[in-house]
Visitor: 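I have a structure here, written as structure tokens, and I will follow up with some questions on it.
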Amino acid sequence: MNDASLDVVTLNVLINAFHATAEEMGINLLRSARSTIIREARDCSCALFDPEGRIVAEAEHIPVQMSSLSLPMRACLAKHGGIRPGEVFVTNDPYIGGQHLQDITIFTPIFHEGLLIGFSGSIAHHVDIGGGAAGLTFDAKEFYEEGLRFTAMKLNLKRDFGRNGVFHDIVHSNFRAAETTWGDIQAQLAANELGRRRIVELAERYGSAKLVGYMGAAMEYSERMMRAAIAAIPDGVYEAEDAIDDGVFQKDPIPVKVKLTVIGDRMDVDFAGTAPQVDEFLNVPLGSTYSSTFSSIKMALTAGGETIPANDGCYRPIKIDVPYGSILNPRPPAAVRARMCGAYRLFDAILMALQKALPTRVPAPGYHANTTSGVSRFNEGQFSIFIEDIGGGWGGNPVRDGADMLDAPLSNCIITPIEAVELDHPFLMMKRYELLPDTGGAGRHRGGLGSVREYEVMDQGAEFFGYSDRHRFAPPGAAGGEPGTRGAFRILRNEEEIVLPSKTRFKLRKGDIIRVIAGGGGGFGPAPERLVADVVKDFKEDKITRDHIAAYYPHALDAVDRPASGAHRNGA
């Protein structure tokens, strides 16, 4: 669409219409899904695409799933050349731009008056995808062990998704929680259909050619805004490094290195020096590396409240170079189930590099670890699989404290409500869920607090599984702030406390209590600069103890110890 035919008001209306459609698709998916991981935790995303497979709009769900969705979309188009009404693309292939195998993506074409005008798409995490073990194949070295792979399949809705259809048969023959998974797949199809209808309604109002033209204009608008945001960064080279704690078999840290080069309105991101791929499930497929990179940069550059519509245009000024065969761009068939461990170390390395460029703008790293944990149980011929992702405390930032106990930014899920856990999985009972005092890194603006979550096992035959990170290395502070705290997996059995590794499986007994600890975020700015009133407020709210104050905020001790300050059980 040329500038002469572009109407700014119409562009603004359609950008918001595209975004609203993607959000409505997400709501439809959440309300019709069967599993708690989607219905309650919101581990899913929706997006719209133009006819070429480029992202036009994203729902504000899970950044690591969204920003690279054009990669599998284009791979499907390249493989099949085209698509007809009544057909859909289905993939979960990590090596054509997908995530891990549990994330199934479905693309539905949108036709108007015989013309392909775009696609609606949804991606959702499914509780089981087959493979070597229920929920999590802990010791997988290749993706063949992790479950079934669908590499750019083109399926017919009537033929393949019916009760006698091939895809229905694949799911019910190979997935342990087949009915739950099938219900979630139907929810994805329903969300896509809603998106298709909304875009057809817009095409009937504006015309197909004009609508597609404004899709391109929306991307160009976002590209201009992102270029302006990058241009505000001082030109230069900024480097940083982080490390995954360890692996299942590899006990040494696994480094992730990044070099950002800013020249004018573009940014080059180079991961040279990052560790080679590993012979276990920690590898990060290229789609996850791309989406994590794009998301971290966009979040940092819009932290001041600016809004850049999320679409393909945002990512055009960013060039990414990832060594092939590294942990961030592995050779197949490397296993990738626990990709988020590396994705978050990439995320934090970029944040730490950007802190050098924008020291008064970029927050300290939070407890950025995808703590995925769950319990599987086989009883009376059926599997029940509980799985959830939780975050921790966010890092302090230049203007305020970090948020207490939220899912980490790349995941952006909701912590599963206790009632939903116990309703869907009656072999578990939640015993404790609370913030942990003193877990946020001290600073002018402290890091957010971490938490502890405990479940009692009410029956035999259950097994715990989990993977996380930051069990060895706490998130660092920024601008003179103190580091946050580490997490842990523990089993309480009678009088014994069993400490588990950060990537683990463990056979449970009736009466065991599973304890999942999430750490707090790093602090921002020197602790002696924290306002006394803020220290006193945290103390009154049981977020910090007197010992913590004595160690990091001694300038506030007099105010805490005065009777008028409301000194209480925390030690005054």
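Remember, predicted model here, so these are calculated numbers, not experimental data.
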Visitor: Heavy atoms, side chains only, cut-off 4.5 Å: are Pro476 and Pro365 in contact?
Guide: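 Result yes, sub-4.5 Å side-chain heavy-atom pair found.
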
Visitor: Hey, what do you get for CG (Leu77) to CZ (Phe49), rounding to the nearest 0.5 Å?
Guide: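 Between Leu77 CG and Phe49 CZ, I get 10.0 Å after rounding to 0.5 Å.
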
Visitor: Can we call the ring centroids of Phe506 and Phe464 under 6.0 Å apart?
Guide: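 No, the ring of Phe506 stays outside the 6.0 Å limit from the ring of Phe464, centre to centre.
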
Visitor: At what distance, to the nearest 0.5 angstrom, does OG1 of Thr289 lie from CZ of Phe347?
Guide: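 Rounded to the nearest 0.5 Å, the OG1-CZ separation comes out at 14.0 Å.
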
Visitor: Ala75: which residues meet the side chain to side chain contact (heavy atoms under 4.5 Å, CB included) condition with it, sequence neighbours left out?
Guide: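 Only Ile96 meet the side chain to side chain contact (heavy atoms under 4.5 Å, CB included) criterion with Ala75.
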
Visitor: Check for me whether Lys154 meets the cation-pi criterion with Phe107, that is, NZ or CZ under 6.0 Å from the six-membered ring centre and within 45 degrees of the ring axis.
Guide: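 The answer is no; the distance or angle limit is not met.
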
Visitor: Taking the six-membered ring of Tyr433 (Phe, Tyr or Trp), confirm whether the NZ or CZ of Arg453 is under 6.0 Å from its centre and within 45° of its axis.
Guide: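 Judged by the rule (NZ or CZ under 6.0 Å from the ring centre, within 45° of its axis), Arg453 counts as positioned above Tyr433.
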
Visitor: Please list, chain by chain and in numerical order, all residues satisfying side chain to side chain contact (heavy atoms under 4.5 Å, CB included) with Leu406, sequence neighbours excluded.
Guide: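 Applying side chain to side chain contact (heavy atoms under 4.5 Å, CB included) to Leu406 gives Trp394, Ala403.
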
Visitor: Can you list everything that forms a ring-ring contact (aromatic ring centres under 6.0 Å, His included) with Tyr95? Sequence neighbours excluded, please.
Guide: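 Tyr95: ring-ring contact (aromatic ring centres under 6.0 Å, His included) contacts with Phe143.
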
Visitor: For Arg509, look at atom CZ and say whether over 12 heavy atoms of other residues, nucleotides or ligands are found less than 6.0 Å away.
Guide: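 No, not enclosed.
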
Visitor: Run the salt bridge (charged side-chain N to carboxylate O under 4.0 Å, His left out) test against Asp169 and tell me which residues pass, sequence neighbours left out.
Guide: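 Expected list: none.
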
Visitor: For Arg493, enumerate each residue passing the salt bridge (charged side-chain N to carboxylate O under 4.0 Å, His left out) test, keeping only those at least two apart in sequence or located in another chain.
Guide: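 Arg493 satisfies salt bridge (charged side-chain N to carboxylate O under 4.0 Å, His left out) with Asp512 only.
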
Visitor: Only counting residues at least two apart or in another chain, list the ones meeting side chain to side chain contact (heavy atoms under 4.5 Å, CB included) with Asp246.
Guide: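 For Asp246 the side chain to side chain contact (heavy atoms under 4.5 Å, CB included) partners, ignoring immediate neighbours, are Arg472, Ser502, Lys503.
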
Visitor: To the nearest 0.5 Å, what is the distance between OG1 (Thr416) and CD (Glu422)?
Guide: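 So the OG1 of Thr416 and the CD of Glu422 are separated by 12.0 Å.
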
Visitor: Taking the side chain as everything from C-beta on, heavy atoms only, tell me whether Thr293 gets closer than 4.5 Å to Phe271.
Guide: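 In short, these two side chains touch, coming nearer than 4.5 Å.
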
Visitor: My understanding is that only residues two or more places apart in sequence, or in another chain, count here; which of them pass side chain to side chain contact (heavy atoms under 4.5 Å, CB included) with His168?
Guide: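 By the side chain to side chain contact (heavy atoms under 4.5 Å, CB included) rule, His168 matches Arg163, His172, Trp182.
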
Visitor: In chain order, what residues pass the salt bridge (charged side-chain N to carboxylate O under 4.0 Å, His left out) check against Arg39, with sequence neighbours excluded?
Guide: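 With sequence neighbours excluded, Arg39 shows a salt bridge (charged side-chain N to carboxylate O under 4.0 Å, His left out) to Asp424, given in chain and number order.
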
Visitor: Return the orientation label for the Tyr467 and Phe281 ring planes: parallel under 30°, perpendicular over 60°, tilted otherwise.
Guide: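 Taking Phe281 first and then Tyr467, their aromatic rings stand perpendicular (interplane angle over 60°).
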
Visitor: Among all residues two or more places apart in sequence or in another chain, which pass the ring-ring contact (aromatic ring centres under 6.0 Å, His included) test with His100?
Guide: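 Checked His100 against ring-ring contact (aromatic ring centres under 6.0 Å, His included); matches are His125.
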
Visitor: Taking salt bridge (charged side-chain N to carboxylate O under 4.0 Å, His left out) as the definition, give me every residue that meets it alongside Asp50, ordered by chain and number, with sequence neighbours left out.
Guide: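 Expected list: Arg54.
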
Visitor: Tell me, do Tyr455 and Val375 make a side-chain contact under 4.5 Å, heavy atoms counted?
Guide: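 Not in contact.
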
Visitor: Considering residues, nucleotides and ligands other than Lys257, do more than 12 of their heavy atoms fall under 6.0 Å from its NZ?
Guide: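 No, the 6.0 Å shell around NZ holds no more than 12 heavy atoms from other groups.
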
Visitor: Roughly how far, to the nearest 0.5 Å, is the CG atom of Asn283 from the CG atom of Leu328?
Guide: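 The distance works out to 9.0 Å.
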
Visitor: Do the side chains of Ser35 and Glu40 get nearer than 4.5 Å, heavy atoms only?
Guide: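 Not touching, per the 4.5 Å side-chain cut-off.
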
Visitor: Check ring-ring contact (aromatic ring centres under 6.0 Å, His included) between Phe167 and all other residues, then give those that pass, not counting sequence neighbours.
Guide: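 For Phe167, the residues satisfying ring-ring contact (aromatic ring centres under 6.0 Å, His included) (neighbours in sequence not counted) are Phe150, Phe161.
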
Visitor: Checking Asp459 now: which residues fulfil side-chain hydrogen bond (donor to acceptor under 3.5 Å, both in side chains) with it, not counting sequence neighbours?
Guide: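 For Asp459 the side-chain hydrogen bond (donor to acceptor under 3.5 Å, both in side chains) partners, ignoring immediate neighbours, are Arg377.
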
